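Okay, so here's the structure we're looking at.
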Amino acid sequence: MLQPRGDRKVLCAGLICLDILSVVDHYPVEDTDNRIERQIWQKGGNCANSAAVVAQLGEQTAYFGTLATGRAADMVLDEMREFGVDVDQVVMHDGYASPSSTIIINTSTGTRTIIHADNNLPELTLSDFHKLDLDQYKWIHFEGRNMTEVAKMVDAVQEYNRSRSMEDRVIISGECEKAKYHPEHFISTVDVMFVAKEYAQHHGFPTAQAAVEGFHRRVKKGATVVCAWGELGADAMGPDGVHHHADAFSPDQVVDTLGAGDTFNGAIIAAMCRSLPLEEVLKFGCKVAGRKCGQFGYRGLTIGE
Ligand code: ADP
Ligand code: FRU
């Protein structure tokens, strides 16, 4: 069981963007003119979404990423502040557009179809990361993207940790989702590795159980592997090598699965910050993620464990 150090923040480093959701009751046919049920503009990005969930679940939380100066950035940063996330360390770039996603939410199936524009915004660099004061954080969660720089950031945290006692270390987690970003550096370095279904399947694992068992053999000693698998719930294996499974918690109606994985990751981090047993951590993650699937957006996800 992890024992995150004292009263410090959880930092989530990765993407933030503007999500424009068009909610429809059937998926549109190509080259037809359609009307939507509603449109929602909200902050998105795996790490920004996870940070908003961690903050709601009671942890002091900070978000670290890049944005372009302008109205889109103002909107998403305001929303992050409303969730109680500290965004003071966000790196702003002039002369660019912020990333955004156009998303079709089909309420008849609960699916989300994402078209993402990164708008060539510069990603975080090691020199941005060096400006952080690592003493402020108990946990740093990295999204598996921009891996050349992120790998250096992970190494910098490990370097920081080497001069500290076990109890005084920053816990590192990494999300392996998109294989195209090659997040493999996380396998040998992080304390908690989040393996998404997409990444597990890319590596030939047909189930969450197979994925946690397979990756557990390769992670560093003492690490935990967690793998979510949509409506089949999630599995995990901690340092003791015991396999755990939690079923998904089905809401009355699945209306919006956008960011279910990000919500799950945030809830797992928050539960681990409370040092709950892994089985409870997993159940809690599924509960919060299931609730999210039954509603639009990420508000009101606070539930008891
Ligand atoms: P992603 O958003 O990365 O594709 P998943 O689809 O694997 O993530 O979902 C993450 C978690 O969200 C699952 O472990 C599950 O607990 C919950 N979840 C996802 N889809 C559903 C669903 N249709 N019904 C209930 N829970 C779901
Ligand atoms: C959901 C999400 C969206 C964003 C997209 C980027 O997981 O983070 O908020 O638009 O993925 O790939």
Side-chain angles (χ1 to χ4, degrees), residues 1-6 8-13 50 53-54 57 59 134 137-144 150-151 153-177 183-197 199-200 203-205 207-229 232-247 261 264-289 305:
M1 203 186 302
L2 291 170
Q3 302 282 355
R5 57 181 189 170
R8 307 190 202 206
K9 291 180 197 164
V10 173
L11 179 77
C12 297
S50 297
V53 172
V54 178
L57 296 174
E59 294 299 321
L134 297 187
Y137 309 109
K138 60 180 172 188
W139 188 307
I140 302 184
H141 174 64
F142 291 100
E143 189 175 326
V150 166
M153 297 176 206
V154 170
D155 293 347
V157 184
Q158 287 200 305
E159 183 58 34
Y160 171 94
N161 280 344
R162 267 192 278 279
S163 58
R164 283 169 170 80
S165 65
M166 280 307 281
E167 306 74 54
D168 194 31
R169 291 184 179 181
V170 178
I171 291 166
I172 309 171
S173 59
E175 180 199 41
C176 296
E177 184 185 53
E184 286 76 34
H185 188 71
F186 290 152
I187 300 175
S188 57
T189 53
V190 300
D191 302 293
V192 180
M193 176 167 152
F194 291 102
V195 179
K197 178 177 168 184
Y199 187 75
H203 283 268
F205 296 111
T207 61
Q209 176 163 0
V212 293
E213 286 170 355
F215 282 110
H216 193 265
R217 276 183 225 113
R218 298 170 55 195
V219 291
K220 77 171 191 191
K221 195 168 171 287
T224 298
V225 181
V226 183
C227 179
W229 210 271
L232 293 186
D235 291 42
M237 192 174 274
D240 60 5
V242 176
H243 165 255
H244 298 278
H245 168 81
D247 287 337
F264 173 83
N265 293 351
I268 294 285
I269 292 170
M272 283 187 152
C273 284
R274 291 180 221 157
S275 301
L276 297 180
L278 189 52
E279 197 171 341
E280 295 307 313
V281 166
L282 210 49
K283 262 194 222 160
F284 184 72
C286 287
K287 233 188 224 180
V288 178
E305 65 270 7

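Fair warning: this is a prediction, and the values are worked out from it, not measured in the lab.
Minimum heavy-atom separation, L134 to A156: CD1-O, 4.4 Å. The two atoms that bring W229 and A200 nearest to each other are CZ3-CB, 3.6 Å, heavy atoms only. Nearest approach of F205 to A210, heavy atoms of both residues: CD2-O, 3.4 Å. Summarising the geometry of A267 relative to V288, their closest heavy-atom pair is CB-CB, 3.7 Å, with the distance given to 0.1 Å.
The pair R169-D191 fails the salt-bridge criterion, with no side-chain N (NZ, NE, NH1 or NH2) lying under 4.0 Å from an Asp/Glu carboxylate O. We find that E177 and K197 are not joined by a salt bridge, their nearest charged nitrogen and carboxylate oxygen being 4.0 Å or further apart.
In this structure the side chain of Q209 never reaches within 4.5 angstrom of the side chain of H244, judged on heavy atoms. With a 4.5 Å cut-off on side-chain heavy atoms, V10 and I269 count as touching. I172 has its side chain within reach of F142: a pair of non-hydrogen atoms, C-beta onward, lies under 4.5 Å apart. T189 is listed as a side-chain neighbour of H185, based on a closest heavy-atom distance under 4.5 Å. Side-chain contact between I140 and V157: present, with at least one pair of heavy atoms (C-beta onward) separated by less than 4.5 Å. Contact annotation: the side chain of V226 approaches that of V192 to within less than 4.5 Å [non-hydrogen atoms, C-beta and beyond].
Going from atom CD of E213 over to atom OG1 of T207 covers 7.5 Å, rounded to the nearest 0.5 Å. With values rounded to the nearest 0.5 angstrom, L278 atom CG is found 7.5 Å from D240 atom CG. Going from atom CD of E175 over to atom SG of C12 covers 10.5 Å, rounded to the nearest 0.5 Å. With rounding to the nearest 0.5 Å, the separation of NE2 in H216 from CE in M193 is 11.0 Å. Taking CD1 of I171 as the start and SG of C273 as the end, the distance is 7.0 Å to the nearest 0.5 Å. Expressed to the nearest 0.5 Å, how far NZ of K283 lies from CG of D247 amounts to 10.0 Å.
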What verdict does the side chain to side chain contact (heavy atoms under 4.5 Å, CB included) test give for E159 and D155, after you've listed the backbone C-alpha separation in whole Å, the side-chain angles of each residue and the deciding distance to 0.1 Å? CA-CA 6 Å; E159 183 58 34; D155 293 347; over 6 Å; no
Could you give me the CA-CA distance, side-chain angles and deciding distance for F186 and V150, then say whether side chain to side chain contact (heavy atoms under 4.5 Å, CB included) is met? CA-CA 10 Å; F186 290 152; V150 166; 3.9 Å; yes
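Side-chain contact annotation: H243 with D235, donor-acceptor N/O pair under 3.5 Å present.
Tested against F194, the residues S173, C176, C227, S50 include a single side chain to side chain contact (heavy atoms under 4.5 Å, CB included) partner, S173. The one candidate from R8, K9, K138 that meets the salt bridge (Lys or Arg N to Asp or Glu O under 4.0 Å) condition with E59 is K138.
Ring-plane geometry between F215 and Y199 is classed as parallel, the angle between the planes falling under 30 degrees on a 0 to 90 degree scale with a further cut at 60.
Seen from the ring of F284, R274 counts as a face-on cation partner, given the 6.0 Å and 45° thresholds.
A side-chain donor-acceptor contact under 3.5 Å links R164 to the backbone of Y160.
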